[in-house]
Protein chains: 2
Amino acid sequence: MNSFTSENYLKAIYKLVEHGNDAVSTNAIAQKMSTKAASVTDMLKKLADKKLINYQKYQGVSLTPKGEKAALTVIRKHRLWEMFLMEKLDFKWDEVHDVAEQLEHIDSEKLISQIDKFLNYPKFDPHGDPIPDMNGKIQQQKSKAISKYKKNDIVKITGVVDHSASFLQYLDKSGLALGNEIKIKDVVEFDRSLHIVINKRSTLFISNDVAKNILAITK
Amino acid sequence: MNSFTSENYLKAIYKLVEHGNDAVSTNAIAQKMSTKAASVTDMLKKLADKKLINYQKYQGVSLTPKGEKAALTVIRKHRLWEMFLMEKLDFKWDEVHDVAEQLEHIDSEKLISQIDKFLNYPKFDPHGDPIPDMNGKIQQQKSKAISKYKKNDIVKITGVVDHSASFLQYLDKSGLALGNEIKIKDVVEFDRSLHIVINKRSTLFISNDVAKNILAITK
DNA sequence: TAATTAATTTAGATTAGTCTAAAAATATTT
DNA sequence: AAATATTTTTAGACTAATCTAAATTAATTA
Ligand SMILES: [Mn+2]
Ligand SMILES: [Mn+2]
Ligand SMILES: [Mn+2]
Ligand SMILES: [Mn+2]
């Protein structure tokens with residue numbers, strides 16, 4: 001089995017590849033893992049030895065099919081655990097991530113398949129991120145940030161980009177949650193800030209910075 | 001926080017102290033942990049530095065109050081997770097231990113208090129072992145091995161001594177489970193083997209070796 | 001009590017993961 | 001195309017946990 005640490009590296013590389021980058025740099029990984037470039041280079045050699053990544057000195061890395069499968073398994077476990085914590089144990093969406101970071105490394109196929117069943121096979125986690133199935137298949141939502149919609153568009157919130165506790169707590173306090181209907185009432189030209197109406201009831205003013213971090217689809 | 005490994009040492013020492021031994025020997029720990037005496041000595045020094053155990057060269061060890069609290073917390077988590085796996089995820093009682101060995105090290109107070117609540121504050125785990133409460137308090141059962149009962153005694157199964165999967169599977173196959181009523185129909189003088197009646201229905205013959213590993217109280 | 005045996009500790013290595021500082025390679029400017 | 005800046009890798013060291021082999025202490029036996 002892959003170590004706790006290896007799993008975290010694979011997950012980090014997966015997410016960097018996912019967000020555009022074709023070959024991921026040593027520095028990018030170091031930043032994402034809050035570690036130093038020298039440590040990353042050491043680990044990359046080990047992961048390459050195990051055929052989990054494609055790596056040639058100075059050329060950046062990508063996941064092999066084997067490495068991608070491993071990464072997707074960790075992500076599947078993380079997101080299922082987040083869902084479990086929220087649905088069954090009354091955690092709030094800003095509390096689940098840190099615990100899931102630990103639980104995602106528990107090694108038991110039966111455990112995770114039973115959790116999946118217990119939750120009735122959810123397709124998305126509490127932040128709107130897709131949960132890979134047993135085979136690593138992902139069901140993508142074609143949503144975009146609400147900052148990209150126009151005046152009078154009516155959309156449904158499907159996810160968040162920023163996953164930090166402070167951002168999620170701000171959304172809670174503002175009455176924003178997954179599934180909410182949002183109408184773009186007005187767009188301020190100067191700074192792209194938005195006036196929105198939530199569920200046809202309350203109105204709210206949000207900055208462009210916030211708007212860029214809320215994902216939605218047209219209703 | 002204590003490392004994964006430290007927690008396992010503390011748990012091992014706790015269980016050795018629990019089963020009679022006053023000061024636990026290096027060799028006993030090595031055997032229980034499936035490691036070597038030299039490794040144990042190294043670890044004992046570290047645990048002593050952290051004031052988790054009382055240790056003087058060649059004199060054996062015991063837990064300090066701080067060490068005992070830590071051990072009981074791990075045991076509480078282990079047994080709650082076993083209960084969760086069995087009650088909520090349809091694991092069998094011979095399948096829960098290995099996964100609980102991993103889950104017991106997850107560090108989150110909220111997680112464990114919510115699991116406890118979710119299970120409705122169970123007092124005993126799937127093997128009949130007591131689950132320490134938040135403060136480390138244990139509710140002991142005054143049960144003894146059915147090998148110690150006499151002919152015509154009627155008792156209720158409350159736990160097992162041996163926790164191995166093979167023993168538990170043997171009990172399953174024989175129709176023996178926690179809560180069952182057992183009548184000692186006959187005791188064979190020669191080898192102390194027993195004829196028993198389960199729930200007033202089926203009769204079964206068990207060896208003294210088996211009888212010593214089944215705990216029960218008089219009905 | 002002395003000799004022998006058993007238990008425990010120390011010494012010295014090893015492995016995984018990390019770090020800092022220095023060297024080497026690549027990318028960017030001039 | 002050189003010079004400079006940036007990125008990446010290497011070298012060497014550190015910690016936690018482990019091991020084998022040797023030394024030391026304690027326990028048992030004669
Ligand atoms: Mn998360
Ligand atoms: Mn999530
Ligand atoms: Mn167990
Ligand atoms: Mn148990």
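Reckoned from all heavy atoms, side chains included, excluding hydrogens, waters and symmetry mates. Computed from a predicted structure; not experimentally measured. Throughout, a chain's letter reflects where its sequence line sits, starting with A, and its residues are numbered from 1.
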- Message: How long is the straight-line distance from NZ of Lys123(B) back to CD1 of Ile131(B), given to the nearest 0.5 Å?
- Response: 8.5 Å
- Item | Partners meeting ring pair (Phe, Tyr, Trp, His ring centres under 6.0 Å) with Phe84(B) (sequence neighbours left out) | Phe84(A), Trp81(B)
Table please: side-chain donor-acceptor pairs of residues 103-111 of chain B below 3.5 Å, with sequence neighbours left out.
from: Glu104(B); atom 1: OE1; to: Lys11(B); atom 2: NZ; distance (Å): 3.1
from: Glu104(B); atom 1: OE1; to: His78(B); atom 2: ND1; distance (Å): 2.8
from: Glu104(B); atom 1: OE2; to: Lys11(B); atom 2: NZ; distance (Å): 2.9
from: His105(B); atom 1: ND1; to: Glu7(B); atom 2: OE1; distance (Å): 2.6
from: His105(B); atom 1: NE2; to: Asn8(B); atom 2: OD1; distance (Å): 3.1
from: His105(B); atom 1: NE2; to: Glu101(B); atom 2: O; distance (Å): 3.3
from: Ser108(B); atom 1: OG; to: Leu111(B); atom 2: N; distance (Å): 3.0
from: Lys110(B); atom 1: NZ; to: Glu95(A); atom 2: OE1; distance (Å): 3.0
from: Lys110(B); atom 1: NZ; to: Glu95(A); atom 2: OE2; distance (Å): 3.4

- Message: Among residues at least two apart in sequence or on other chains, which ones pass side-chain contact (heavy atoms from CB on, under 4.5 Å) with Asp90(B)?
- Response: Gln114(A)
Can you give each donor-acceptor pair under 3.5 Å made by side-chain atoms of residues 40-60 of chain B, sequence neighbours left out, with the distance rounded to 0.1 Å?
from: Thr41(B); atom 1: OG1; to: Ala37(B); atom 2: O; distance (Å): 3.2
from: Asn54(B); atom 1: OD1; to: Ser62(B); atom 2: OG; distance (Å): 3.1
from: Gln59(B); atom 1: NE2; to: Lys57(B); atom 2: O; distance (Å): 3.4

Could you give the side-chain donor-acceptor pairs of residues 23-30 of chain A under 3.5 Å, partners two or more places apart or in another chain?
from: Ser25(A); atom 1: OG; to: Ala28(A); atom 2: N; distance (Å): 3.0

- Note on the structure: So the contacted stretch of DNA chain C, first to last nucleotide with an atom under 4.0 Å from a non-hydrogen atom of chain A, runs from dA16(C) to dT26(C)
Name every donor-acceptor pair, under 3.5 Å, that has one atom in a side chain of residues 161-173 of chain B and the other anywhere in the protein, sequence neighbours excluded.
from: Asp162(B); atom 1: OD1; to: Ser164(B); atom 2: N; distance (Å): 2.6
from: Asp162(B); atom 1: OD1; to: Ser164(B); atom 2: OG; distance (Å): 2.8
from: His163(B); atom 1: ND1; to: Val161(B); atom 2: O; distance (Å): 2.8
from: His163(B); atom 1: NE2; to: Asp129(B); atom 2: OD2; distance (Å): 2.6
from: Ser164(B); atom 1: OG; to: Phe167(B); atom 2: N; distance (Å): 3.2
from: Gln169(B); atom 1: NE2; to: Asp94(B); atom 2: OD2; distance (Å): 2.8
from: Asp172(B); atom 1: OD1; to: Trp93(B); atom 2: NE1; distance (Å): 3.3
from: Asp172(B); atom 1: OD2; to: Trp93(B); atom 2: NE1; distance (Å): 3.4

- Query: Does atom NZ of Lys144(B) have more than 12 heavy-atom neighbours from other groups under 6.0 Å away?
  - Reply: yes
- Query: Would you find more than 12 non-hydrogen atoms of other residues, nucleotides or ligands less than 6.0 Å from Gln31(B) atom CD?
  - Reply: no
- Is a side-chain N or O of Asp191(B) found less than 3.5 angstrom from the main chain of Ser193(B), in a donor-acceptor match? yes
- Item | Summary of protein contacts for nucleotides 8-21 of chain D, nucleotide by nucleotide, where a base hit scores B, a sugar-phosphate-only hit scores S (4.0 Å, heavy atoms) | BBB-----SBBBBB
- Near DNA chain C, under 4.0 Å by heavy atom, which residues of residues 99-108 of chain B? none
- Message: Asp98(B): which residues meet the side-chain contact (heavy atoms from CB on, under 4.5 Å) condition with it, sequence neighbours left out?
- Response: none
- Note on the structure: Taking five pairs at each terminus, the helix from dT1(C)-dA30(D) to dT30(C)-dA1(D) shows an axis bend, to 10°, of 10°
- Residues which pass side chain to side chain donor-acceptor pair (under 3.5 Å) with Arg76(A), listed by chain and number, not counting sequence neighbours: Asp116(A)
